[in-house]
Amino acid sequence: MDCLFCKIIAGEIPSGKVYEDELVYAFRDINPQAPVHVLVVPKAHIASADEITADNSAAVAAIFAAIPKIAAAEGLTNGYRIITNIGEDGCQSVRHMHFHLLGGKKLPESMA
Ligand code: AMP
Ligand code: ZN
């Protein structure tokens with residue numbers, strides 16, 4: 001499959017890995033929008049959060065179990081933000097589900 005994030009997970013494209021477990025891979029965003037900007041993705045290809053089902057939701061649970069560990073390792077003791085963009089209107093540019101972990105500064109109040 002021609003998927004950028006599957007290639008990153010497979011090590012075919014280099015990335016700044018910050019976390020990995022059986023189900024989850026996390027790496028630094030190449031174009032950071034905040035002092036800390038990490039992308040947290042399932043190793044299995046799920047196109048977007050709109051594709052979550054009872055059959056693949058273990059990966060989602062694993063992502064949300066990993067996020068506090070990554071946030072702590074990044075020193076985000078004062079909070080952070082998790083965003084996932086979905087489809088055209090959500091401006092999702094990579095069609096492999098990913099959760100943006102943003103922090104390291106006071107983030108803008110506006111989300112849209
Ligand atoms: P989205 O617009 O929500 O689909 O987010 C895709 C994110 O992937 C953007 O923030 C990009 O900066 C990021 N990105 C694209 N290519 C790479 C890459 N090779 N390594 C790390 N992050 C990337
Ligand atoms: Zn993929």
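We use all heavy atoms of the structure for the numbers below, so side chains are in, but hydrogens, waters and symmetry mates are not. As the structure lists them, so they are numbered: ligands from 1, and atoms in each ligand from 1.
- Taking every non-hydrogen atom of L4 and a distance limit under 4.0 Å, the qualifying atoms of ligand 1 come out as 16 (N).
- For ligand 1 and H98, the ligand atoms under 4.0 Å from any heavy atom of the residue are 1 (P), 3 (O), 4 (O), 5 (O), 6 (C).
- Taking the charged nitrogens against the carboxylate oxygens, E22 and K43 have no contact shorter than 4.0 Å, which rules out a salt bridge.
- When atom types are taken as modelled, the side chain of Q92 and the backbone of G87 share a donor-acceptor pair closer than 3.5 angstrom.
- Shown in contact with S93 at under 4.0 Å from a heavy atom are these atoms of ligand 1, numbered in order with element: 1 (P), 2 (O), 4 (O), 5 (O), 6 (C).
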Ring pair (Phe, Tyr, Trp, His ring centres under 6.0 Å) evaluation trace for F99 with F64: CA-CA 9 Å; F99 293 86; F64 278 88; 5.1 Å; yes
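- Close contacts between ligand 1 and N31 involve ligand atoms 12 (O) [criterion: under 4.0 Å to a heavy atom].
- The aromatic rings of H37 and H100 lie tilted to each other, with the angle between the two planes from 30° to 60°.
- Only the side chain of I8 comes within 4.0 Å of ligand 1, judged by heavy-atom distances.
- When non-hydrogen atoms are compared, ligand 1 lies under 4.0 Å from the backbone of R28 (N, CA, C, O) but not from its side chain.
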Could you please spell out the steps behind the salt bridge (charged side-chain N to carboxylate O under 4.0 Å, His left out) verdict for E74 and R28? CA-CA 11 Å; E74 296 291 327; R28 297 198 189 281; 3.0 Å; yes
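- The Q92 neighbourhood of ligand 1 comprises atoms 4 (O), with distances under 4.0 Å to a heavy atom of that residue.
- For ligand 1, none of its N or O atoms has an N or O atom of H37 under 3.5 Å away.
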